[in-house]
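Heavy atoms only: backbone and side chains are in, while hydrogens, waters and symmetry mates are out. In each ligand, atom 1 is the first atom listed, and ligand 1 is the first ligand listed.
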Amino acid sequence: MEFGIGAALPLYAGGLGVLAGDFLKTASDLNVPVVGVGLLFQEGYFRQIIDANGRQHELFPYNEPAVMPVEPVILPQTGWLKIKLALPGRTVQLRVWQATIGRVRLYLLDSNEPLNSPVDRGITAKLYGEGSETRLMQEIVLGVGGWRAVEILHPATEICHINEGHAAFAVIEKARSLAAKENISFWDAFWASRAGNVFSTHTPVPAGFDRFPPNMLRKYLFCLECSQTGGLTGVEDLLALGRENEIEEEALFNMAYLAQRGSAVTLGVSQLHGEFSRRIFQPLFPRWPACEVPIGHITNGVHTPTWDSIAADRLWTEACGQERWRSLPADLQQKITKVPDEDLWAMRGEGRQRLVQVARAHLGTQLRERGFGPEIVAQADSVLDPYVLTIGFARRFTEYKRPNLLLSDLARLDRLLRDDIFPVQLVVAGKAHPADTQGKDMISAWIELARQSSHRRRVVFLEDYDISLAQELVQGVDVWVNTPRRPWEACGTSGMKVLVNGGLNCSIRDGWWDEAYRPDVGWAIGDGRGGDARQIDQADAESLYSVLEQQVIPEFYDRDSTGLPRAWLARIRASMSSLTPIFNSARMLHDYVEIAYLPLVKHTRARRAENCKIARELNNWEHRLRRHWHSLHIGEASAAQEKDQWRFSVPIFLGDIDSNDVRVELFADARGKAPAEAISLHKEQEVPGAINGHVYAGLVPAIRPAKDYTVRIVPYHAAAQLPAELTLIRWAN
Ligand SMILES: *Cc1c(COP(=O)(O)O)cnc(C)c1O
């Protein structure tokens with residue numbers, strides 16, 4: 001839904017968009033054939049001003065396409081490409097624009113076409129437009145309209161990567177269009193096209209998913225014209241794709257559920273987030289153990305050349321060469337480790353000095369524009385000190401990010417800020433959602449602190465956090481602090497942006513930092529355990545203060561006779577060499593290509609060959625299993641010890657199901673040191689007198705008690721991704 005490319009294309013709201021922007025830039029660098037599809041919002045990104053009373057206000061500048069780096073997509077025969085999209089009672093035209101990101105195209109759709117009704121022209125007016133129905137229409141424009149544009153402009157496209165559930169309607173349109181083209185049923189086509197869909201989920205809490213009331217959705221689904229392809233009983237079938245179950249009349253339609261059910265591969269955005277996602281999506285896999293919910297992860301990364309400072313670029317170029325972000329991590333690690341302390345410290349000094357200058361200028365403008373007199377404005381020139389430990393802190397001001405954790409003990413913070421020998425200074429930025437009064441209150445609290453004469457020189461709040469300001473911050477700070485409430489930060493990327501610049505992270509072990517943290521590369525706050533929110537906040541604040549007081553500050557000011565903080569520099573070196581090569585988007589894109597795109601290209605080609613022969617077979621297989629699943633019956637299992645192995649055998653009555661369509665397995669849950677395991681049993685002999693009854697048997701090492709194992713039957717087909725594509729399962733009683 002959003003792409004954060006840079007200041008000239010303000011079509012993003014925050015981290016999700018910046019990630020998508022970094023992704024496209026990396027695809028260009030690595031020459032991976034990718035196109036982006038998004039929306040051209042007339043109001044893409046609100047600007048923040050802070051009034052004289054310290055309150056946030058929002059301005060919504062109009063995005064004028066004529067002065068943005070976008071151009072209409074012109075086709076030789078028909079002129080400006082416009083996509084027709086049926087909405088209830090009318091057809092709207094979507095204009096297609098393109099932006100060029102290096103070697104990569106970003107297509108942007110808008111509905112601001114004079115032929116549309118004034119109301120419809122407003123569908124793409126605002127990023128995350130107000131009102132559920134507007135949001136729904138935006139998501140239909142993006143998913144359905146977007147996929148149509150791709151098919152017209154790049155008909156050979158094989159993989160559709162749904163980045164966050166907002167774009168999930170693409171899976172429906174992709175199947176519908178294939179069904180029409182191949183003259184097969186919608187569900188045959190769904191099986192064929194799903195093999196080419198990847199879904200990245202981005203939220204660690206179910207409340208983060210977009211959900212719509214079924215009645216609102218019905219009228220829109222009706223317009224998608226899927227019913228014109230054979231095999232579809234109607235809108236209810238489509239509706240079922242987004243609902244936890246069909247029984248509950250009012251169950252909401254969940255975009256993430258549609259995305260998961262429409263994709264062969266679903267991935268979280270960090271290791272920890274993958275784990276939480278397996279729990280969140282568990283309802284879609286009834287009776288499956290959470291550990292087998294088929295959701296993996298690819299940890300996000302940042303486009304390093306976007307975020308490095310001039311000084312850092314120089315240092316890395318000298319150490320590792322021009323092409324460094326395309327080379328392998330091990331190579332980089334080895335070379336950057338050899339950079340001398342003096343050079344690292346010079347880079348840090350340059351970065352900090354520049355940030356101080358930028359912050360002063362930014363603050364001066366900010367105060368002048370709010371109507372403060374020349375005396376106050378002039379004070380901006382004396383804020384911050386280029387030699388003082390600089391802690392940066394910028395994020396969305398929303399409850400779970402806890403941007404005010406550092407303010408929870410003002411007396412203690414005051415001591416840190418006013419220490420004459422080991423001083424600390426804070427540079428803070430961030431926006432609150434226009435409707436989030438709590439977030440706005442938190443901003444006010446920071447402004448109030450920064451405007452006190454006793455703290456004015458040490459605390460600066462810079463208004464209007466955006467990509468350009470983020471660049472300045474991550475290039476200049478010594479320490480980046482991030483204090484989300486675990487596990488709400490699915491990944492987080494801002495902390496990765498400081499790595500290349502020699503900044504260090506001091507953060508809650510959540511998102512990416514949970515897997516990146518080691519004692520030698522930075523600092524961890526909190527113990528990562530759960531509990532009551534209030535208690536956790538208190539414990540985390542305590543931990544944050546004491547880590548700063550006892551570890552961060554003393555180490556920064558621990559200088560040798562040449563004036564260098566050797567231990568600090570060793571930490572920078574460890575962080576730069578071991579984390580920068582991993583938490584960047586070249587590694588991320590490489591993972592997507594290897595783990596998702598390439599394997600799926602193979603699957604989707606196989607399924608689509610010969611008029612989608614295998615896909616049709618899979619759809620039949622699914623129907624056979626669903627129809628007859630109730631006829632399965634599992635008899636009494638027995639286990640006998642043979643030396644150091646258990647020999648299991650169990651009579652299985654398959655009813656109307658062919659034994660080739662299923663697998664009989666032993667499953668044991670993780671217990672103590674033993675991991676969860678699923679072991680296939682083989683068909684040994686017929687059960688005399690039974691129809692389709694077989695004894696299944698197998699040997700397992702007798703490491704754990706036989707009673708740990710339970711017999712189960714699961715679907716099997718060599719060409720299916722399981723259980724992602726079919727969630728049936730039958731357990732022994
Ligand atoms: C990197 C970035 C983000 C993401 O930050 P997190 O705090 O890690 O979610 C948000 N906004 C801007 C402008 C950014 O550059």
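- Remark: distances from the non-hydrogen atoms of Trp512 to ligand 1 are all 4.0 Å or more.
- Between the side chains of Gln425 and Thr390, a donor-acceptor pair is found at a separation under 3.5 Å.
- Considering Lys431, Arg55, Arg370, Arg47 as possible partners of Glu463, the one that fulfils the salt bridge (charged side-chain N to carboxylate O under 4.0 Å, His left out) test is Arg370.
- The only member of Asp313, Thr580, Thr304 that meets side-chain hydrogen bond (donor to acceptor under 3.5 Å, both in side chains) when paired with Arg324 is Asp313.
- Protein heavy atom in closest approach to atom 13 (C) of ligand 1: Asp466 C, 3.5 Å.
- The side chain to side chain contact (heavy atoms under 4.5 Å, CB included) check on Pro434 picks up Phe46, Glu58, Phe60, with sequence neighbours excluded.
- Counting only residues at least two apart or on different chains, the ring-ring contact (aromatic ring centres under 6.0 Å, His included) pairs with a member in residues 462-500 are Tyr400-Trp488.
- Per-residue contacts place Gly492 under 4.0 angstrom from the following atoms of ligand 1 (heavy atoms of the residue considered): 8 (O).
- Under 4.0 Å from ligand 1, not a single heavy atom of Asn482 appears.
- The part of Ala470 lying near ligand 1 is the side chain, judged by heavy-atom distances below 4.0 Å.
- Taking 4.0 Å as the cut-off, Lys401 counts as a neighbour of ligand 1 on heavy-atom distance.
- Ranking protein heavy atoms by distance to atom 11 (N) of ligand 1, first place goes to Tyr465 CE2, 3.6 Å.
- If you number the atoms of ligand 1 from 1 as listed, the ones under 4.0 Å from a heavy atom of Ile467 come out as 13 (C).
- At a heavy-atom cutoff of 4.0 Å, ligand 1 is contacted by both the backbone and the side chain of Thr493.
- Contact check on Asp591 versus Arg587 returns a salt bridge, with a Lys/Arg side-chain nitrogen under 4.0 Å from an Asp/Glu carboxylate oxygen.
- Residue Gly15 has at least one heavy-atom neighbour below 4.0 Å for each of these atoms of ligand 1: 3 (C), 4 (C), 10 (C).
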Evaluation steps, side chain to side chain contact (heavy atoms under 4.5 Å, CB included), between Leu30 and Trp325: CA-CA 9 Å; Leu30 301 182; Trp325 306 124; over 6 Å; no

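- Nearest protein neighbour of atom 5 (O) of ligand 1, counting heavy atoms only, is Ser494 CB, 3.5 Å.
- For Tyr128 and Glu2, the side-chain atoms include at least one donor-acceptor pair closer than 3.5 Å.
- Contacts between Trp480 and ligand 1, counted as non-hydrogen atom pairs separated by less than 4.0 Å, are absent for every part of the residue.
- Inspection of the Glu350 and Ser309 side chains reveals no N or O donor paired with an N or O acceptor under 3.5 Å.
- For atom 2 (C) of ligand 1, the closest non-hydrogen atom of the protein is Lys497 NZ, 2.4 Å.
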